[in-house]
**Q** 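I'd like to ask you about the structure that follows.
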Amino acid sequence: MSEQPRFPTESGVPDGFQYMHPAYIKNFGNWAYHDRPRPGVLHHVAKSGDEVWTVRVGTQRQLGPYEINLLCDIIDQYADGYVRFTIRSNMEVSVTDEAKVQPLIDAFEDAGYPVGGTGNSLTMISHTQGWLHCDIPGTDASGVVKALMDELYDEFRSEDMPNRVHMTTSCCQINCGGQGDIAINVQHTKPPKINHDLVANVCERPSVVARCPVAAIRPAIVNGKPSLEVDEKKCICCGACFPPCPPMQINDPEHSKLAIWVGGKHSNARSKPMFHKLVAAGIPNNPPRWPEVTEVVKNILHTYKADAKNWERIGDWIERIGWPRFFELTELPFTKFHIDNWTGARKSLNASTHIRF
Amino acid sequence: MSEQPRFPTESGVPDGFQYMHPAYIKNFGNWAYHDRPRPGVLHHVAKSGDEVWTVRVGTQRQLGPYEINLLCDIIDQYADGYVRFTIRSNMEVSVTDEAKVQPLIDAFEDAGYPVGGTGNSLTMISHTQGWLHCDIPGTDASGVVKALMDELYDEFRSEDMPNRVHMTTSCCQINCGGQGDIAINVQHTKPPKINHDLVANVCERPSVVARCPVAAIRPAIVNGKPSLEVDEKKCICCGACFPPCPPMQINDPEHSKLAIWVGGKHSNARSKPMFHKLVAAGIPNNPPRWPEVTEVVKNILHTYKADAKNWERIGDWIERIGWPRFFELTELPFTKFHIDNWTGARKSLNASTHIRF
Amino acid sequence: MAAQTPKNPEKHSTYLPKTKKSSKPLHDTPMLDQLESGPWPSFVTGLKRLAYEGKHANMMVDLLGQLEHSYKTRLGYWKGGTVSIFGYGGGIIPRFTELMDDDGKPMFPESKEFHTVRVQPPAGNHYSTDMLRQLSNSWNKHGSGLIAFHGQTGNIMFIGTTTDNTQHFFDEINSYGWDLGGAGPCVRTGMSCVGAARCEQSCANEQKIHRLLVNNFLDDMHRPALPYKFKFKVSGCPNDCMNSIQRSDLAVIGTWRDDMKVDQAEVQKFVADKGRKYVVDSVINMCPTRALSLNDDDTLEVDNRNCVRCMHCINVMTRALSTGDDKGVTLLLGGKRTLKIGDTMGTVIVPFMKLDTEEDYEKLVELAEEIIDFWAENALEHERVGETIDRIGLVNFLEGIDLEVDPNMISDARQSSYVRMDTWDEEANKWKDRQTG
Amino acid sequence: MAAQTPKNPEKHSTYLPKTKKSSKPLHDTPMLDQLESGPWPSFVTGLKRLAYEGKHANMMVDLLGQLEHSYKTRLGYWKGGTVSIFGYGGGIIPRFTELMDDDGKPMFPESKEFHTVRVQPPAGNHYSTDMLRQLSNSWNKHGSGLIAFHGQTGNIMFIGTTTDNTQHFFDEINSYGWDLGGAGPCVRTGMSCVGAARCEQSCANEQKIHRLLVNNFLDDMHRPALPYKFKFKVSGCPNDCMNSIQRSDLAVIGTWRDDMKVDQAEVQKFVADKGRKYVVDSVINMCPTRALSLNDDDTLEVDNRNCVRCMHCINVMTRALSTGDDKGVTLLLGGKRTLKIGDTMGTVIVPFMKLDTEEDYEKLVELAEEIIDFWAENALEHERVGETIDRIGLVNFLEGIDLEVDPNMISDARQSSYVRMDTWDEEANKWKDRQTG
Ligand code: SRM
Ligand code: SRM
Ligand code: SRM
Ligand code: SRM
Ligand code: SF4
Ligand code: SF4
Ligand code: SF4
Ligand code: SF4
Ligand code: SF4
Ligand code: SF4
Ligand code: SF4
Ligand code: SF4
């Protein structure tokens, strides 16, 4: 083995055409329409008349050689040897022969991999690293998601929702999982505990001070050493100081809670994109199966399914029925915390007599 | 004549029933519906079956004994001796006998008082004191309004607009005339000129400093006297310092311009209430007839009339067609000033691909 | 569009007396003169008539002079000062001329004092012609004769008199039932729409609410000592003909809680008359919450639970649709114009309040008192209540006036994760208790 | 909802080998074990399989130990550090355990280093099974074997290896065409939707845009020196399947400028199939600008000038309606998650840009360069471009990157009168010149 360092080839983004299904290449940019013969299967028809059936398969996102080989074997045997991953870690496997669809589905399901996640289903919950890998997590996103997907398995495999449901789960308040129809996020409720002995060595104090969104941190000398002090009255427990300064421990087994936000939407369909909004908080961070989270999520999904009109995303639905009705139907408590108080909060107040009784 | 001061009777708001038309009193709270047999005439039908016809008459708001007697004579002769004023300084004169309506209209019109302002008309422009009385005016609202109403006379007397048009005109940037479908406001474009000799005597300096919305004013010693200084780079020429400190002269014959804002709406019909938005500025303050203002206003009204759908107020219409189309249709220039930059401005940007081509 | 030649020039808005009674010659007013033409009644002709034959015609001669000067120079020439009525601290807008000749003497001395007296109108702005003439006579005696019906806050503005005559005029009209309005940091004159007196949409007794609220705060009106102005406005329904949401500190707006009333036969007539496409495009499709649907038999389906009482369909189909029976009011707090933080709309603080019994009305007044007290104690100088709310947050304000949070107060739930929620359980329990209690 | 008994337990997501190849005994993991039941494929079972028979199985034994400890104590135990590939400054997320026993030694020493290697996926996330197996083999050789397809920013995340193996692994995969992604203050890995490859809604060549933009900034990706992270995301149409508006700094979204295409026969079929009421309620009445109207013959009237290309009707009636021919992209700048100022959406900076010729693409790249340069020069430390815009105002930012203002950039025109407009005429003339020019 040569000890000489190897210079990297800065090849950047690989060209997708190298690994793309031939029917995709042939009809690139020339598709006519699609439909869904059944949940989990997309049927795309090209302007050329070519047809492609795509089977969507749920995965656990983190795959080892066993899973990769298992799945690749199926794809090689029942399909054409090509696969793509969706933004939600689902696999999509295409065939050009309709007859291959059912055997392919059977093979995946027989191997314990669910087919679904298309159309108006609840598709796979996108999530983040959690205790497995991140340095600042308040919970384990993979665990929460596994627990939820077990409970919502049937919703993945059917298309009974008013519109697509895109959920996300994140392991800290930073929320790398992003906005969602339903987003499960960590919400800390106590200011960071500072390990003053370490601050001087580990943290660049001015930049930590600058990171706090409410200017609650000030430099201070504690036990004769340069450290930091938090004005606990101001602190909103956002955790932004923890990544740049781990001695400002924000995670707490008891006081780092989970919160649920709803109505986030990126698509421009009908309404403009919307941010998700807080509906439930104070939910215990309760591994390994987080039953309290599942309960709230199922309640919201159930209510949405029963009450929304065709094609309303959760955010669209709430815009039509209003927040009071949302809280009435879900029986979730409405509190002062639901009223925003951040910059520009005035615009979130009801400046009208538009009220549903 | 007694020199003893008289103690006031704090009688407060007079009871309206004292002066109210008997048919109003009889059917108070029991009206069934209304229609408009012609522009300027409302026909209200009570649940009792009683009917009332109301003729709406435009006035110049400021009335002297001549006008009051002239109008009262008509009301006594052709109607029932009762009159009310609308929030827009129109008179409303009711009769219970349909036969009286036409003679009453004729009498008003013969005396030079237009009948109209109802339904989907352009009703009287509400306005403010101006050079006649206020201490801070940049223009004369009465004059602007007289010039406009002369030009828009036919729009007052007909009901050809898509919905009601409520205009306002104000004589300084404070805008006592308030939001409007079309609002004509003063917009200063140069920082105040300070008469340093007077500041010390006339202005309470700390409260003037506190009044400035962008903190552009600081106390200073000028020519050895306590005065104020304006950071001209920061100053947004709002004029807020002028009322509490007249030596900070903001009005300028050349640089106090007029601006036109559109789409303000207080009613909750369809959309929630909306603020008016800037569309045109830099319009010369050109007495006695302000032709440049009239031109822009007529252009906007004309475009609205031609393009809006039934029942769309100007604000509703623009929400449907979008700002680019508004500027395209009116041929008004779009500038960087139309992009808000005040607190919360981010929410006024287009955070979507919703674009009309 | 052109003005016609009047049938009876002596009884016409363009009339000017042949003979001038005032002693002072008119100043040249070439600019103002240009505002005498055109069909709309001219305020300049009005001013001239007063300068010809008003009781204080010389004052108006000079007033016209100063006004012409303003038109020429594009500047105003009034300044404020202190003038008040005995026993009161506000209600007058004092004006003194600033326009001096080279000797420092007023260029237009006869109108060097030109104060406005703000007088509260009757709720709903109703007048008998007798009363109008009486008020006009009093003002012609003690002032310029010029009256604005009404100012934008609703006052009858008696424009133009001297300091002395201010008192005389007030004494006279106060003796037959008229009282001053507000000016300065105080409760201001209120406004209420025609409402129940002549409008089928009315869901409230606007006059009663208006008088009750304002008359309860007469001390705060007449002796200004609040942080800044405070306005009440009352509209009988969400059409808000008084612009209360944006133009008052406390808006009281009528509404209803049960289903709207639908006369299906009238609906069918309307559809027959206007056509289905018109009805779908102009009514159904304009409902903000898609709560309407036109049935195949041309009757209307209303999803009353999702109707937001916007009034649109009721406005358009006034014969077929009307407000429900379970009427009450919504309260919105904090509307105002732009100074300091930009325009604000009032926002809901009480979604629904019955106003049937005297106790109900009493509660309304008590709430208004709570609001004004809390604001008076906590506002900065020159801070409107909407600005206080913006500064301290709605939730803190609600706590200060002892109101519970309600989801009708928001259009969007919290979007920012920047919030500290230690006491979530406590707050959640409060809500649960309210739901069961 | 219950898991069935597998037909072939050896080829099933629940499979665990009978024999354990690793030398280190498993730690007790009673909590994690509870995540092995239930129908959804279990990541815990996956970890266990690696601990049984992975090339670095002992590492996974300890990894499971530390993870169980996290589940028990509800705390994470990783800390960052510095690990990099020769020649590069970013792309690795280094992790060192913080979980020490009383002697200050790692409680789980085999997994004390557990770095993640972020690797850029092919545009569109397409793979052949061969390539998947090859990547998996390389990683099994040099790391834990655990791969996430994909991280939320789109990287293939190779999770868990030592500092040394990081380099070895990279050398191996780099040699067959794979490059590191971004981490740190740099241009990040981009994302693009399946788009033109298999989607009729696509209005752009997503792959080309994605590769062109990211590959142009490889230096900024691999040697982090920007104020903070910068993400590109590309969606082929306004459905924005890449969440680009909110989750990327520069979103490129396909759209079209001419009329949408309507196949009226297919419309009639759709109406016949679904019924008129469904079509009115679910399509017509859901159009955000009321640009649709159903004709009496069940054909569709589209007001294309007021259609905002929201995609709704096209999504629902995919056979009958489709995007137009004059395709291009809209650019939005400044989306990001919540830190410092709260979540931001990207906002329109280029309403429409053709991407037909190579010059068109060149212009896109140049604009991206302008943006990143201006931001890099003017941003505060740790400031995303959306925050810079919020701080200095959109107009100043546009001036900095030499773009003209456009009314498509706003949803509301100015509401605040607090603005200084000395140069109105100049600005108005600029617009007029652009209109005529
Ligand atoms: C495969 C994927 C793109 C990719 O390159 O990975 C994709 C593919 C399609 N999307 Fe998507 N979307 C995909 C993620 C998204 C996302 C992002 C996300 O999931 O986080 C969004 C935006 C989410 C949001 O708004 O928060 C998204 C918003 C849409 C919409 C708009 C839905 C709406 O009404 O708001 C459509 C239109 C529709 O539903 O017909 C759409 C439609 C489609 C269509 C029907 C497009 C087409 O004609 O082929 C594709 C098949 C979807 C299906 O499931 O029936 N896709 N789509 C992604 C699949 C994710 C998954 O595994 O579930
Ligand atoms: C791995 C990943 C989550 C996942 O499991 O998928 C992730 C993980 C981390 N994110 Fe993230 N973010 C990941 C996608 C996102 C996204 C989603 C996206 O890109 O679409 C967002 C929201 C969009 C955005 O860019 O704002 C996101 C917003 C953040 C933020 C907040 C940024 C903000 O301005 O608000 C931080 C904190 C920071 O950068 O200071 C952060 C920081 C981090 C760090 C580096 C935490 C830290 O400071 O050490 C995490 C490293 C975890 C680890 O051990 O691997 N991550 N992060 C995602 C990257 C994988 C990949 O490269 O493909
Ligand atoms: C008399 C007056 C109230 C008063 O006590 O003074 C009044 C009276 C009526 N208004 Fe009004 N509105 C009056 C000022 C207003 C205002 C305030 C203003 O003009 O500044 C508004 C809110 C303005 C805004 O939104 O900016 C107002 C918004 C409405 C609306 C809602 C219109 C909309 O679609 O947005 C209706 C409903 C309608 O048009 O059918 C309405 C309807 C009515 C009706 C039809 C109510 C009824 O059933 O009797 C009344 C007859 C109006 C007509 O002209 O046809 N009224 N109306 C005011 C007449 C002003 C004038 O002289 O022109
Ligand atoms: C007379 C009147 C205009 C008119 O011709 O109708 C008027 C006239 C003045 N207003 Fe006003 N405002 C008048 C209705 C309004 C309204 C409309 C309303 O009440 O519905 C508003 C907007 C609503 C609001 O309350 O915000 C209004 C918002 C202001 C403001 C801005 C307040 C703010 O917070 O933004 C000021 C400035 C101040 O108070 O510092 C102001 C100040 C003034 C002063 C006192 C200017 C001054 O500081 O000397 C003006 C006295 C003029 C005079 O010589 O009579 N005036 N003012 C209106 C009062 C007549 C009446 O009493 O009926
Ligand atoms: S959400 Fe927080 S804890 Fe989870 S991966 Fe992102 S930064 Fe790490
Ligand atoms: S947790 Fe957030 S608010 Fe509290 S000190 Fe840290 S950065 Fe500031
Ligand atoms: S708008 Fe300005 S100038 Fe006019 S009356 Fe009001 S405060 Fe005076
Ligand atoms: S004009 Fe306005 S911005 Fe300028 S100094 Fe005066 S108060 Fe401040
Ligand atoms: S606010 Fe309502 S009740 Fe009052 S006049 Fe207007 S429409 Fe009638
Ligand atoms: S009142 Fe307004 S919200 Fe209610 S049904 Fe009619 S249009 Fe819809
Ligand atoms: S963003 Fe549009 S083009 Fe891309 S996959 Fe989604 S629907 Fe298709
Ligand atoms: S694409 Fe959207 S905006 Fe355009 S017509 Fe269809 S529904 Fe309306």
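In this text the structure is predicted, and so the values were computed from the model without any measurement. Throughout, a chain's letter reflects where its sequence line sits, starting with A, and its residues are numbered from 1.
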**Q** Looking at A/Lys146 and D/Glu36, would you say the former's side chain and the latter's main chain have a donor-acceptor pair under 3.5 Å?
**A**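 Answer holds: no.
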
**Q** Sort D/Ser175 into side chain, backbone, both or neither according to what part of it lies under 4.5 angstrom from a heavy atom of chain A.
**A**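 Both parts, backbone and side chain.
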
**Q** Keeping A/Arg270 on the side-chain end and D/Cys287 on the backbone end, is there a donor-acceptor pair under 3.5 Å?
**A**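 Not a single qualifying donor-acceptor pair exists.
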
**Q** Is there a donor-acceptor contact under 3.5 Å from the side chain of A/His44 to the main chain of D/Arg198?
**A** yes

**Q** Is D/Arg49 reaching over with its side chain to a backbone N or O of A/Gly64, donor-acceptor style, under 3.5 angstrom?
**A** no

**Q** Against chain A, label D/Thr344 side chain, backbone, both or neither, depending on which of its atoms sit under 4.5 Å from a heavy atom there.
**A** backbone

**Q** Hey, does the side chain of A/His133 reach the backbone of D/Phe114 with a donor-acceptor pair shorter than 3.5 angstrom?
**A** yes

**Q** Taking ring pair (Phe, Tyr, Trp, His ring centres under 6.0 Å) as the test, write out the residues that go with A/Trp261, two or more places apart.
**A** A/His276

**Q** Using atom types as modelled and distance alone, determine if a side-chain donor or acceptor of A/Ser89 lies under 3.5 Å from a backbone N or O of D/Phe149.
**A** yes

**Q** Thinking salt bridges, do A/Asp106 and D/Lys7 make one under a 4.0 Å N-O criterion?
**A** no

**Q** Considering only NZ, NE, NH1 and NH2 on the basic side and carboxylate oxygens on the acidic side, decide whether D/Asp240 and A/Lys265 come within less than 4.0 Å.
**A**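 Looking at D/Asp240 and A/Lys265, the cut-off is not met.
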
**Q** Could you pull out the closest heavy-atom pair between A/Pro65 and D/Ser136, with the gap in Å?
**A** CA-OG, 3.4 Å

**Q** Looking at residues at least two apart in the chain, or sitting in another chain, which of them share a ring pair (Phe, Tyr, Trp, His ring centres under 6.0 Å) with D/Tyr77?
**A** D/His69

**Q** Restricting to non-hydrogen atoms, name the atom on A/Glu10 and the atom on D/Leu218 that form the minimum distance, rounded to 0.1 Å.
**A**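 Heavy atoms only, the tightest pair is O-CD1, 3.4 Å.
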
**Q** Between D/Tyr278 and A/Trp311, does the ring centre distance come in under 6.0 Å?
**A** no

**Q** What residue in D/Glu98, D/Met311, D/Arg211 has the most heavy-atom pairs under 4.5 Å with chain A?
**A** D/Arg211

**Q** Check each atom of D/Ser202 against the heavy atoms of chain A and say whether the ones under 4.5 Å are side chain, backbone, both or neither.
**A**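 Neither part.
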
**Q** Chain A heavy atoms under 4.5 Å from D/Leu380: which part of the residue, side chain, backbone, both or neither?
**A** neither

**Q** I'd like to know whether D/Trp178 forms a ring-ring contact (aromatic ring centres under 6.0 Å, His included) with A/Tyr19, so could you lay out the CA-CA distance, the side-chain angles of the two residues, the decisive distance to 0.1 Å, and finally the verdict.
**A** CA-CA 13 Å; D/Trp178 301 83; A/Tyr19 314 115; 5.8 Å; yes

**Q** Can you say whether D/Ser322 sits under 4.5 Å from chain A via the side chain, the backbone, both, or neither, judging by heavy atoms?
**A**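 Interface part for D/Ser322: neither.
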
**Q** Check whether D/Leu146 gets within reach of chain A through its side chain, its backbone, both or neither, counting any heavy atom under 4.5 Å.
**A**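 The answer is both parts of D/Leu146.
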
**Q** Side chain, backbone, both or neither: which part of D/Ile245 has a heavy atom under 4.5 Å from chain A?
**A**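 Interface part for D/Ile245: side chain.
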
**Q** Out of D/Leu75, D/Ile93, D/Leu135, D/Thr318, return the one with the most heavy atom pairs under 4.5 angstrom to chain A.
**A** D/Leu75

